[in-house]
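Read the structure below first, then the notes.
Residue numbering restarts at 1 for every chain, and letters A, B, ... go by the order of the sequence lines. Values in this document were obtained by computation on a predicted structure and should not be read as measured data.
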Number of protein chains: 2
Amino acid sequence: MKPKRQSAKISDVAKAAGVSQAAVSRVMRGDASFVVREETRKRITDVARELNYQPNPAARGLRTSRSLSLGIVVPELDNPIHAKIIIGAERAAAERGYSLLIAHRDDGMEETAIYERLVHRNRVDGLIVATLQDEQVGVSALKELEHPFVLVNRKARGVEHHVVINDRGGAKRAVAYLATLGHQRIAHLSGSPARYNSICRLEGYRDGLQEAGLDFDPALVVEAGYTMSGGAAAMRKLLDSAHPRPTALFASTLMVAAGAMGVLREAGVRIPQDMSIIGFNDGAIADVLAPPLTTVRTPLENMGYLAASSLINHIQDGGHFAGAMLKDIEIVERKSTSAPGG
Amino acid sequence: MKPKRQSAKISDVAKAAGVSQAAVSRVMRGDASFVVREETRKRITDVARELNYQPNPAARGLRTSRSLSLGIVVPELDNPIHAKIIIGAERAAAERGYSLLIAHRDDGMEETAIYERLVHRNRVDGLIVATLQDEQVGVSALKELEHPFVLVNRKARGVEHHVVINDRGGAKRAVAYLATLGHQRIAHLSGSPARYNSICRLEGYRDGLQEAGLDFDPALVVEAGYTMSGGAAAMRKLLDSAHPRPTALFASTLMVAAGAMGVLREAGVRIPQDMSIIGFNDGAIADVLAPPLTTVRTPLENMGYLAASSLINHIQDGGHFAGAMLKDIEIVERKSTSAPGG
DNA sequence: CTGTTAGCGCCTTCAC
DNA sequence: GTGAAGGCGCTAACAG
């Protein structure tokens, strides 16, 4: 069924306002180098509004070879972290008149094929990349596209345009918070040692220890990945092998914290009396856990916003963008942390 | 910065293959009424692949007045339910060569303004509507657009094209499951009495009671909305006012179940020994709760998939689509349910 | 059956 | 300061 095409076109506006199409085009786009009498300008905008004129993006795109759309590619859609990034990016895009095409890795799909498709088939003007599995492969694929892109929540060698949060500083804050409560043995359930965020958070963990005058003990760091089961396994390992037992725990993600909490509960370790826990990146599940989880809140939505808007700046002006780190971080105190012993 | 336009165009392919542009266009689109020698067809497709030819969507859209894009509008992006619907819709769209524009209600934005924008500015070919706050206002706004649309996860009077899950049947199954375990006093924390899904689930609750030969007791139904705090408040009310106390609980959403569980824990009511709980619409938080929550799993992703693909069918063939209900439902047993008393 | 051609709606020089 | 005209890449009608 062919959708009804009832929209006014530029020629309708021009006719109704008694001017040329060119005049309408210039006024509507806010072309600064175009000087008209205020009266004419008003007449044009009034008529346009009255006819509900909206420039046809296909026609405009054909002429300008821009789609006024951005592609964002994320690993999974049903992950609150990415949802927040997307929300921010969408807001920035909408404010600037862009639309956002969301793509995610389908199982078995090459990461690079997604970039390809977005750029060649959908003709997005730029790419926001929140997934970068293999740094080498991904980055060179992106560069071969010769298309503007920005990395979000990740850095990679040879890529200047990125937007990240302060993973390291946030981790340090988490540890400092625990130390301030009086904890001396603070463990860390880390992510994958190959991933940017995890590396930063591990560094921040060490920073925090150092600042608090605490020694780094390798036995207190266990790799947990990003899942609940990973968190559970790591917690079991920690309970078995770390003596004396830590009194506090900094978990790399909320799901890891959740997995750890399940194991602690079964083992009869009380939270927070016997073990304080803090998680990274705040989210709804922090409230749902028992006890509710104290977290480090990071500006994920702003990260998405800045990524999209800086990308649009770059597309429009060709300006150089050197990368940014959002430092706005705070601890959200809930019930999973206390002084050692209660 | 103008993105490099290096893509081959149809004229390049035609030249390289020694045929006309029209021939290329027809072959590439798989025009059935176009007959060519197999050899020619192969030559064209080979050349197209070699040059990495991708039709320019702007040019095509300008000519055909179709954008090959769909809009989906959801209330919130960071809600796993909508994420799953989106994932399904995106898969269907991608399979059919469509892209998906995701829009969500910004605070203070009129719901109808989103439809307007998607249709008039972005020129989507159809709308997938997962949000319908005010049935009257929303439906008439949608109809005024005179544009193909489908309601997903909702029905409305006067709208035939919808895709829903079997909320009623799922609720009935939940109650039947509890009854089979031996429960006789089964409470229901319901959603808003104005919302389609909640109404259906309440009906299903009554169906389940009836089938199990249990009486309906209004004191056992409390409105909880859709949030954790709503669930908590409703649970408190239920503990105060329902005597004798129910031994099982069917919660309308996972967040409501989470809120209820928090209150029960504080009140010293053990789960499942003193109170069995089952939630509706499975999701990651079910695993994270303590104890892990038994749920009714529904085909949310398939719902999104079917909505998008039936909408595309309608756009392409003008075919009439009468609405569909996905009945594939199962109970996911976890640790929050047992026979009464343990 | 195949190829030529006339726009789709817009933007952007280039004349006036 | 304003308007006329060409063309972006593609498809569909029509001509051969």
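The CZ-P distance, from B:R41 to C:dC1, rounds to 13 Å in whole Å. One atom, CD1 of B:I10, and another, P of C:dG7, lie 19 Å apart when rounded to the nearest Å. Nucleotide C:dC8 holds its P atom 15 Å from the CZ atom of B:R123, rounded to whole Å. Atom CZ in A:R43 sits about 12 Å away from atom C1' in D:dT2, given to the nearest Å. B:I44 has its CD1 atom 10 Å from the P atom of C:dT2, to the nearest Å. For the pair B:R60 CZ and D:dA12 C1', the computed distance is 13 Å after rounding to whole Å. One can place CD of A:Q21 at 11 Å from P of D:dA5, the figure rounded to the nearest angstrom. Look at CG on B:L62: it is 16 Å from P on D:dG7, rounded to the nearest Å.
With respect to the salt-bridge test (charged N to carboxylate O, under 4.0 angstrom), the residues A:D46 and A:R43 do not qualify.
Side-chain nitrogen and oxygen atoms of A:S25 include at least one within less than 4.0 Å of the OP1 or OP2 phosphate oxygen of C:dC11. For D:dG6, the OP1/OP2 oxygens have no side-chain nitrogen or oxygen of A:R63 closer than 4.0 Å. Dashed line: the shortest gap from a side-chain N or O of A:R29 to OP1 or OP2 of C:dT12 is under 4.0 Å.
Relative to the side chain of A:K9, the nucleotides D:dT2, C:dG9, D:dC10 differ in distance, and C:dG9 lies closest.
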Collect all protein-nucleotide pairs involving nucleotides 13-16 of chain D in which both atoms are nitrogen or oxygen and the distance is under 3.5 Å.
unit_1: D:dA13; atom_1: N6; unit_2: B:R26; atom_2: NH2; d: 3.2

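A:R121 contributes atom CZ, which lies 7.5 Å from atom OG of B:S99 (distance to the nearest 0.5 angstrom). Put simply, CG on B:L326 and CD1 on B:I165 are 8.0 Å apart, with the number rounded to the nearest 0.5 Å.
Mapping B:S20 and A:A58 onto DNA chain C by nearest heavy atom places B:S20 closer to the 5' end of the strand. Where A:T40 and B:P55 meet DNA chain D, the nucleotide closest to each residue was compared, and A:T40 sits on the side nearer the 5' end.
Looking at A:R96, its side chain never comes within 3.5 Å of a backbone N or O of A:A93 through a donor-acceptor pair.
For the side chain to side chain contact (heavy atoms under 4.5 Å, CB included) test with B:V73, the passing option among B:V152, B:I128, B:L118 is B:L118; the others fail.
The aromatic rings of B:H161 and B:H314 sit perpendicular to each other, their planes meeting at more than 60°, with 30° as the lower class boundary.
In this model, no donor atom of one side chain and acceptor atom of the other lie less than 3.5 Å apart for B:E301 and B:Y305.
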